[in-house]
Amino acid sequence: PSFGLAPLTVSRCQDQKTRHLKNHIVLCGYGTAGQDLAAALKAENIPFVVVDMNPQNVHKARATGLRVLYGDAMNERVLKEVRVEKAKAIVISFGDSSSIAEIVRAVRRMNPEIMIVLRTRFERDVAWMYELGADVVVMEELEVSLELTRTILGHLGTNATILKAHLDRIRARKEFLVEQSILKRL
């Protein structure tokens with residue numbers, strides 16, 4: 001297939017230090033979630049490299065002095081450039097499920113031991129992502145459900161114990177999905 005054929009041309013990593021990376025984090029996507037994570041990693045002096053296909057995001061990351069590669073993380077050449085085979089973890093911070101699936105497959109082939117953390121928009125994709133090999137799946141729908149429930153019921157003065165029960169019910173749904181996915185892997 002033609003997945004991941006975006007050119008690796010425009011730029012290798014800004015400072016060409018990727019060849020020395022190991023035990024680092026590969027951050028795919030420098031949108032809002034990626035920027036927040038990158039700021040935390042930078043503040044904690046955790047080595048990482050950003051991969052993004054959006055030229056504006058790449059420019060923004062470079063402007064803050066980050067190590068960044070313009071490219072498509074579905075492309076194995078890009079994953080090799082950021083030394084995914086030596087990385088401790090990869091975080092996929094955008095929500096396109098078909099792209100995420102291709103990245104997870106490629107990363108698992110290249111580094112079976114790496115921790116894969118990803119974001120998915122929909123509950124229906126959680127089990128599938130775990131089955132592909134993700135270690136942690138952050139589901140937007142779950143996070144929105146938790147925050148909306150907490151905010152509205154909190155604003156209305158709902159008893160803390162009752163509010164906690166509602167939040168626990170929402171979390172239990174995700175735990176069930178995760179458990180089902182893990183059992184399918186065994």
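Everything numeric in this text was worked out from a predicted model, so none of it was measured.
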| Any donor and acceptor pair, going by atom type alone, linking the side chain of Y130 with main-chain N or O of V137 inside 3.5 Å? | yes
Using distance only, find each side-chain donor-acceptor pair of residues 41-49 under 3.5 Å and give its atom names and separation, not counting sequence neighbours.
residue, atom, partner, partner atom, Å
K42, NZ, T64, O, 2.8

| task | Please answer whether the main-chain N or O of I114 pairs with a side-chain N or O of R108 as donor and acceptor at a distance below 3.5 Å. | result | yes
| request: Is it possible for you to say whether I152 and L163 belong to one hydrophobic cluster, with membership spreading through side-chain heavy-atom contacts below 4.5 Å? | output: no
| G71 backbone acceptor or donor facing D52 side chain under 3.5 Å | no
Only pairs under 3.5 Å count here: list side-chain donor-acceptor contacts from residues 27-40, not counting sequence neighbours, and write none if there are none.
residue, atom, partner, partner atom, Å
Q35, NE2, Y30, O, 2.9

| query | Do K88 and K22 come close enough that some side-chain heavy atom pair is under 4.5 Å? | reply | no
| Under 3.5 Å: donor-acceptor pair, side chain of D135, backbone of I116 | yes
| field | Note: D72-R77 ion pair, threshold 4.0 Å (strictly below) | value | no
| request: Report yes if the side chains of L66 and R62 come closer than 4.5 Å at any heavy-atom pair, otherwise no. | output: no
| task | Might you work through the side chain to side chain contact (heavy atoms under 4.5 Å, CB included) test for I170 and T149, ending with a clear yes or no? | result | CA-CA 9 Å; I170 295 168; T149 302; 3.5 Å; yes
| Between the main-chain N or O of S93 and the side-chain N or O of R119, is there a donor-acceptor pair closer than 3.5 Å? | yes
| Please, which pairs that meet salt bridge (Lys or Arg N to Asp or Glu O under 4.0 Å) have at least one residue in residues 144-166, sequence neighbours excluded? | E147-R150, K164-D168
| query | Between L167 and L153, is any pair of side-chain heavy atoms under 4.5 Å apart? | reply | no
| message | Is there a path of hydrophobic side-chain contacts, each under 4.5 Å between heavy atoms, that joins M139 and L148? | response | no
| K174/E123 salt bridge by N-O under 4.0 Å criterion | no
| field | Test side chain to side chain contact (heavy atoms under 4.5 Å, CB included) applied to M129 and I100, step by step | value | CA-CA 8 Å; M129 293 300 164; I100 291 169; 3.7 Å; yes
| field | K80/E85 ion pair, N-O < 4.0 Å | value | no
| task | Could you walk me through whether V82 and L21 pass side chain to side chain contact (heavy atoms under 4.5 Å, CB included), step by step? | result | CA-CA 8 Å; V82 296; L21 282 173; 5.7 Å; no
| Passes side chain to side chain contact (heavy atoms under 4.5 Å, CB included), E141 versus R124? Steps please. | CA-CA 10 Å; E141 284 183 330; R124 68 177 181 252; over 6 Å; no
